[in-house]
Number of protein chains: 2
Amino acid sequence: MSGPAQRRITIKEVAEAAGVGVATVSRVLSGGSASAETREKVLAAAARLDYRPSALGRNLRRQRTGGIGLLVPDITDSFYARLADGVLSCARSYGEPVTVGVTGDDPEREAELIGTLIEQSMDRLIAVPSGDGETWGLALRAGLNVVFADRRVRADVPSVVPDDRAGVLTAVEYLAGLGHRKIAYLGRHGQSQRVAAFTSAIASLGLPADRDLVVHARSSRDSAYAAAAGLLQHRADVTAVIAGGNVLGEAAVLAARELDVRIPKDVSLIMFDDVPWAELCSPPLTVIAQPAQDIGYRAAELVLRHGRRPPAVTLPTQLVVRASCGPKVSAPRR
Amino acid sequence: MSGPAQRRITIKEVAEAAGVGVATVSRVLSGGSASAETREKVLAAAARLDYRPSALGRNLRRQRTGGIGLLVPDITDSFYARLADGVLSCARSYGEPVTVGVTGDDPEREAELIGTLIEQSMDRLIAVPSGDGETWGLALRAGLNVVFADRRVRADVPSVVPDDRAGVLTAVEYLAGLGHRKIAYLGRHGQSQRVAAFTSAIASLGLPADRDLVVHARSSRDSAYAAAAGLLQHRADVTAVIAGGNVLGEAAVLAARELDVRIPKDVSLIMFDDVPWAELCSPPLTVIAQPAQDIGYRAAELVLRHGRRPPAVTLPTQLVVRASCGPKVSAPRR
DNA sequence: ACCGCTCATGGAAACGATTCCATCATGGTT
DNA sequence: AACCATGATGGAATCGTTTCCATGAGCGGT
């Protein structure tokens with residue numbers, strides 16, 4: 001099965017092999033001052049013995065764990081997977097390990113995961129927050145160094161978010177330009193920013209306000225499908241839908257097919273988040289592209305060199321026109 | 001910015017508050033024997049102070065880190081994201097944190113990540129291996145408790161893999177049943193098992209063997225596209241393609257569109273790995289579904305309770321017929 | 001020649017938990 | 001009454017590292 005599990009060599013043995021004290025070895029290895037001769041000896045001994053300092057010992061002494069925690073609602077969602085990839089990519093260049101947790105957009109699970117992270121003395125955390133400000137108040141008071149990604153729930157925590165305001169406005173303007181007046185937003189937990197931007201955009205373009213035109217789903221695929229189907233079924237008057245994420249968009253396409261609603265003939269669809277399959281879909285989906293990977297990367301940068309961090313970074317989105325939007329139909333669908 | 005970072009409370013303070021010794025506190029909290037009265041006092045004090053044991057202290061003493069490492073080629077790939085989700089889901093029920101690394105199918109990066117993990121004294125690792133047996137020999141000798149997922153590169157390491165042999169055979173038989181004789185396999189790094197199964201299946205059905213019918217791509221999207229385009233362009237005689245993963249399938253669809261090769265009229269396509277968009281694609285893709293999440297979950301189970309582990313678990317795949325395969329065309333494509 | 005300054009160096013404390021071991025009380029048996 | 005077995009308990013060692021502090025050497029300036 002596994003090998004004889006050879007004991008790991010410690011700084012003490014390196015010191016002995018080099019004929020110096022442990023303090024000197026530590027100093028040399030962490031870049032402190034030492035004579036050229038001593039440095040040579042220590043380095044040679046360390047290399048010869050293939051010495052690897054124990055992160056455990058170091059962290060215990062330093063009272064902080066290297067490494068960063070990452071909390072996302074769903075690693076299976078392409079958006080969060082790309083965000084995670086950005087974080088991992090940045091962390092790798094610093095040699096920092098990343099511990100990932102999946103919250104499922106459940107504040108309770110989130111709190112639990114934060115607890116685990118604190119137990120590990122992890123002091124840096126990137127999170128797509130599910131809970132409200134209160135959960136995070138506790139985390140902050142515990143000394144955690146938090147950066148929010150994708151969503152901002154507290155003003156006093158640095159965050160990296162896509163430009164939802166501009167993204168939604170672009171989408172609504174584009175649809176309005178095609179003649180649509182009844183536009184629905186299919187969103188989910190944690191998108192209050194976007195919903196606000198949506199209603200504000202609707203108002204600013206003089207379109208009829210209707211709070212029922214905002215539909216919410218939980219973060220599962222089933223819930224997304226139910227919400228999309230419900231919207232298409234009960235509101236035959238809406239001629240355009242904005243889906244607030246790729247699983248919502250997928251659900252909308254599926255539901256439309258099931259209900260014989262044709263895209264874009266009967267209803268136009270814009271999806272938030274450009275994913276590889278958007279182009280493969282039938283019809284190819286017009287999307288608001290979000291720089292998911294960049295969001296992760298920038299968040300990691302912020303949390304890693306946390307000197308004088310700006311309170312908030314906003315990254316631009318981009319409208320990518322494909323074939324899921326058309327002019328408004330004159331006759332109602334049903 | 002961040003709060004005053006209150007100092008964390010230690011076992012010593014709990015002991016003092018409860019009026020007992022630290023040893024007793026430790027014993028009570030880890031389920032050792034103690035009188036009912038003492039247990040009561042300790043539990044009360046711990047709760048009152050909101051005590052959380054430091055994983056650092058514990059691990060240093062125990063000489064092993066809880067938590068498990070997870071190495072995947074690409075977290076952005078839906079297959080590995082689902083695999084990771086399975087691991088995370090299982091780990092969560094044990095309260096174990098998971099540290100994720102992305103290897104990019106590069107043995108060098110993989111070795112580097114293993115090094116980082118060893119530095120953290122992590123002793124449990126789930127990996128989709130990129131390197132050959134040698135890399136892993138070192139890791140094993142360092143006392144790592146490894147479980148392979150998705151691929152098996154050493155017989156002496158427990159592993160959880162999909163039933164490639166049966167999956168490939170099913171795909172080839174299905175295509176042969178439709179009259180196809182020139183079937184190509186579009187694979188990538190690390191799929192030697194599947195390639196072997198493919199050539200063996202071809203042979204067993206009496207189809208013409210042709211080693212050029214196996215094309216390899218590296219794990220990037222660009223490389224996948226190039227390989228797919230090259231195959232479709234230079235081998236006008238192949239009438240069916242098996243793509244060895246969802247990014248390869250995506251690349252094949254894209255390349256076919258670009259080259260005006262119609263699916264399934266001109267060439268049939270079977271993709272390994274069922275992803276949500278396979279149904280949304282035009283045409284909907286016939287796939288070999290793989291239980292990615294299960295693979296991750298089972299691997300995590302194996303690595304967590306590593307008592308008497310079986311050398312290998314093989315999970316079934318399933319053919320899902322949609323609309324990307326058709327009968328062989330009689331006239332050559334070009 | 002002496003003083004004070006800088007610099008390299010090593011011993012030892014500290015971090016927070018677990019666990020060995022000695023101590024002590026208790027209760028039952030000879 | 002003496003003794004042993006059992007079980008609860010706390011002191012102290014330990015894990016591997018960093019870092020404080022004391023020591024001593026070398027050296028230039030007065």
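Convention: sequence-line order gives letters A, B, ...; per-chain numbering from 1. The structure presented is a predicted model; accordingly, all values stated were derived computationally and were not measured.
Among residues two or more places apart in sequence or in another chain, the ring pair (Phe, Tyr, Trp, His ring centres under 6.0 Å) test is passed with A/Y80 by none. The salt bridge (charged side-chain N to carboxylate O under 4.0 Å, His left out) test applied to A/E112 returns B/R92, not counting sequence neighbours.
Of all nucleotides in DNA chain C, those with any atom nearer than 4.0 Å to a heavy atom of chain A start and finish, going 5' to 3', at C/dA8 to C/dG16.
Proximity of residues 114-123 of chain A to DNA chain C (heavy atom under 4.0 angstrom from any strand atom) is not detected for any residue.
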Side chains of residues 34-43 of chain A: which donor-acceptor partners sit under 3.5 Å, not counting sequence neighbours?
| from | atom 1 | to | atom 2 | distance (Å) |
| --- | --- | --- | --- | --- |
| A/S35 | OG | A/T38 | N | 3.2 |
| A/S35 | OG | A/T38 | OG1 | 2.7 |
| A/R39 | NH2 | A/G32 | O | 3.0 |

Which donor-acceptor pairs under 3.5 Å do side chains of residues 56-68 of chain A form with protein atoms, sequence neighbours excluded?
| from | atom 1 | to | atom 2 | distance (Å) |
| --- | --- | --- | --- | --- |
| A/N59 | ND2 | A/A55 | O | 3.0 |
| A/T65 | OG1 | A/Q120 | O | 2.8 |
| A/T65 | OG1 | A/S121 | O | 3.1 |

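Over its length, the helix from C/dA1-D/dT30 to C/dT30-D/dA1 turns its helix axis by 60°, as judged from the five terminal pairs at each end, rounded to 10°.
Sequence neighbours left out, not one pair with a member in residues 292-303 of chain B passes side chain to side chain donor-acceptor pair (under 3.5 Å). Applying the ring pair (Phe, Tyr, Trp, His ring centres under 6.0 Å) test to every pair with at least one member in residues 129-151 of chain B, sequence neighbours left out, gives these pairs: B/W136-B/F148. Under the salt bridge (Lys or Arg N to Asp or Glu O under 4.0 Å) criterion, the residue pairs touching residues 66-81 of chain B are B/D77-B/R188, with sequence neighbours excluded. Judged as a salt bridge (Lys or Arg N to Asp or Glu O under 4.0 Å), the pairs with a partner in residues 123-138 of chain A (not counting sequence neighbours) are, in order, A/E96-A/R124.
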Protein-to-nucleotide contact annotation, 5' to 3' order, nucleotides 18-28 of chain D [B base; S sugar-phosphate only; - none; under 4.0 Å, heavy atom]: BB---------
